[in-house]
Amino acid sequence: MIDIKILRENPQHFIDGATAKNIDVAIPLLLEIDEQKRSLTRQREEHRAEQKRISKEIGPQIGKLKGQLKSASEEDTKALETKLAELEAKPSSLKAEIQSLDERIATLEPQWNDLLLHIPQPPDEDVPKGESADDNVQIRTWAPDGYDVSKSFAENKGFNPRPHLDLVNALGLADFERGVKMAGTRHYMMTGNGMRLHQAMLRFAFDFITNTYDFTPMSVPVILREECMVGTGFFPTGRDQAYHIQESQRGSGHDLFLAGTGEVGLMGMYADEIIDADKLPIKMATVSTCFRREAGAAGRDTAGLYRIHQFDKVEQVIICKAKEEESRKWHTEMLSIVEQLLQQLQLPYRLLQCCTADLGAKNADMIDIECWMPGRGELRKDGQPMGDWGETHSASRLYDFQCRRLNMRYRDEEGNTVFAHSLNNTVLASPRILIPLLEMHQQEDGSIAIPECLHPYMNGMTVLQAEQLQDA
RNA sequence: GGACAGGUGGCCGAGCGGCUGAAGGCACCGGUUUGCUAAACCGGCGUACUGGUUAUACCGGUACCGCGGGUUCGAAUCCCGCCCUGUCCGCCA
């Protein structure tokens, strides 16, 4: 959430920001409603102050009269009752006015709130302007020694690559038919060595971030209240991307939502809290199952492990002091962790600076990491895929946008409460990461060479052999 | 799922219609005393919004005692709904 005070002072900054992000928001309407609401609130406060004053003044008198009434004679009773009625009538017109103001404010408040929640965080000055993801800017690339991404896979390795779906099927690593049978399109099961590899990747990544680096290991709820989704900025804009558990329709309780990322649980954890400043920065990592409806993606990436409704992800989150240099420093740090991880996995990757149009509503800045997937991309004349980059990681820098929504603060040196800054980045999401892993490490005989860093997690297995093909 | 008990400031905890933004204690900050530490004593110490002014300094107003609504001239206090926590029973990975 943005700071409405800054919006009042400089609406153009936010209008420009929304425009750059290609997001349509009614900022003038919000300002108008805001002004009305403020003016009504001011009136209400004045009336309330008056009401309190009167109450304090007549209260003791009423008490006294009521006391007298108890032991009063018949003729006195009448006089006392008249007096009482007079006193009690005094604030009644005020009361009516306050009630009417209450009602008017109550109708404005939901609109005000909804509009405010929709205002995107303006992109940072140094984020390149762009119209779509096509305008993202490559920052750098890396590839293992001896592999040149600008050349075809065959030129690099001396044989044509098989796309991951073929490899998965040949090696019996996943079962799509039965996944679909049970749960519908975009569902799957990891099977046998596929599941071993999937778990090995997750465990390797989790150990890397929590042991090699000092991120605190966490488990998180993945079924969460709406407040967590709104607080982390996934709602209201992305509401249709989340599975919705309508518990309220069963008569009691509240609805729940399935998280699309562990970030929701890691950030929601500190909602409404004032964190000790000396605990910052808080660095946490979790491995959790993620659920995405992929609404609006019908027909895209329908085959294979790329775009699925359920997957597992190791996620890193940092909550730090509200200083731009700090935010930027940690952003760089989070990216370098992932680069080291991918280098150990011997996977070619590139860093992409997302342009304004590709940031999403909540980010001031976002850098994606894409891995080289030889089986993707257009087909060449000889029927071989050209290979393409595919997004595997996304590193967001949000300033206080999330913490403001979550009401997550710390106390600074002067004793003021300050909204913290937050950042998050993928460490590793599987099975999507298995696509580059399988495709890059496939060998001519159809086997897969397992990168060394995974050997301990594969019970010493170094190669996935085709003849190990398993069928249930 | 059933039956009780309860949700008050950073924490513990009193209040149960007006004198309560809220006793008391702990923690924290400043000071006095002290060879140092500790102790003792004195003082300070919530958040948000809003007005006086342009400012995190000062003064005023409003709201906040789980959340929402109601009763009342007036609600932390009474009533209703919801959420959450604890204990016991039932069920169960």
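- For B:U56, the OP1/OP2 oxygens have no side-chain nitrogen or oxygen of A:Arg411 closer than 4.0 Å.
- A:Met1 places its CE atom 13 Å from the C1' atom of B:C49, with the value rounded to the nearest Å.
- Across all strands, A:Arg404 comes closer than 4.0 Å to no nucleic acid atom at all (heavy-atom distances).
- Residues A:Pro431 and A:Phe311 approach most closely at CD-CB, 3.8 Å, considering heavy atoms.
- Among the duplex regions that RNA chain B forms, those built from at least three successive Watson-Crick or G-U pairs under 3.5 Å are B:1-7 with B:83-89, B:10-12 with B:24-26, B:28-32 with B:40-44, B:46-52 with B:58-64, B:66-70 with B:78-82, ordered by first number.
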inquiry  = Test ring pair (Phe, Tyr, Trp, His ring centres under 6.0 Å) on A:Phe257 and A:Phe234; report intermediate values, then the result.
reply    = CA-CA 11 Å; A:Phe257 294 85; A:Phe234 290 97; over 10 Å; no
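- When the nearest nucleotides of RNA chain B are assigned to A:Arg409 and A:Gln99 by heavy-atom distance, the more 5′-ward of the two goes with A:Arg409.
- The nearest whole Å value for the distance from the CZ atom in A:Arg8 to the P atom in B:C49 is 9 Å.
- Looking only at atom types and distance, the side chain of A:His309 has a donor-acceptor partner in the side chain of A:Tyr243 under 3.5 Å away.
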I'd like a table of atom pairs between the protein and nucleotides 58-62 of chain B - only N or O on both sides, under 3.5 Å - with the distance next to each one.
{"residue": "B:G61", "atom": "N2", "partner": "A:Glu45", "partner atom": "OE1", "Å": "3.1"}
{"residue": "B:G61", "atom": "N2", "partner": "A:Glu45", "partner atom": "OE2", "Å": "3.4"}

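- Rounded to a whole Å, the CG atom of A:Asp272 is 15 Å from the P atom of B:G66.
- No hydrogens or angles considered: nothing links the side chains of A:Thr191 and A:Asp175 as a donor-acceptor pair under 3.5 Å.
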query = Can you list the steps and then say if A:Arg53 with A:Glu50 is a salt bridge (Lys or Arg N to Asp or Glu O under 4.0 Å)?
reply = CA-CA 5 Å; A:Arg53 220 206 73 237; A:Glu50 177 68 6; 2.9 Å; yes
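- Rounded to an integer number of Å, the gap from CD of A:Glu226 to C1' of B:C67 is 15 Å.
- Under a cutoff of 6.0 Å and an axis angle of 45°, A:Arg397 and A:Tyr399 form a cation-pi pair.
- Using atom P as the reference point in both B:C19 and B:U77, the two lie 14 Å apart (nearest Å).
- Of the residues in residues 33-43 of chain A, A:Arg38, A:Arg42 come within less than 4.0 Å of RNA chain B through at least one heavy atom, sorted by number.
- Between A:Asn407 atom CG and B:G66 atom C1' there is a gap of 15 Å when expressed in whole angstrom units.
- An OP1 or OP2 oxygen of B:G74 is reached within less than 4.0 angstrom by a side-chain nitrogen or oxygen of A:Gln51.
- Side chain to side chain, A:Ser394 and A:Asp368 meet the donor-acceptor criterion of an N or O pair below 3.5 Å.
- Nearest approach of A:Met201 to A:Leu345, heavy atoms of both residues: SD-CD2, 3.9 Å.
- Rounded to the nearest Å, the gap between the C1' atom of B:A57 and that of B:G25 is 32 Å.
- Going from atom CG of A:Asp255 over to atom P of B:C83 covers 11 Å, rounded to whole Å.
- Under the 3.5 Å distance criterion, the side-chain polar atoms of A:Lys21 are matched with a main-chain donor or acceptor of A:Gly360.
- Side chain to side chain, A:Lys313 and A:Thr261 meet the donor-acceptor criterion of an N or O pair below 3.5 Å.
- Rounded to a whole angstrom, the distance from the C1' atom of B:C41 to that of B:U33 is 8 Å.
- Comparing B:G2 with B:G61, their C1' atoms sit 49 Å apart, to the nearest whole Å.
- One C1' atom belongs to B:G10, the other to B:A27, and the distance between them is 8 Å to the nearest Å.
- Here, B:U72 and B:C67 have their P atoms 23 Å apart, quoted to the whole Å.
- A gap of 36 Å separates the P atoms of B:C42 and B:U56, to the nearest Å.
- Under the 3.5 Å distance criterion, the side-chain polar atoms of A:Ser396 are left unmatched by any main-chain donor or acceptor of A:Asn424.
- Nucleotides B:U47 and B:G35 place their P atoms 38 Å apart, quoted to the nearest Å.
- Side-chain atoms of A:Gln353 and A:Asp365 form a donor-acceptor pair, as typed in the model, at a separation below 3.5 Å.
- For the pair A:Glu109 CD and B:A63 P, the computed distance is 15 Å after rounding to whole Å.
- Under the 4.0 Å criterion applied to side-chain N and carboxylate O atoms, A:Asp124 and A:Arg328 are assigned as salt-bridge partners.
- With rounding to whole Å, A:Asp3 atom CG is found 12 Å from B:U56 atom P.
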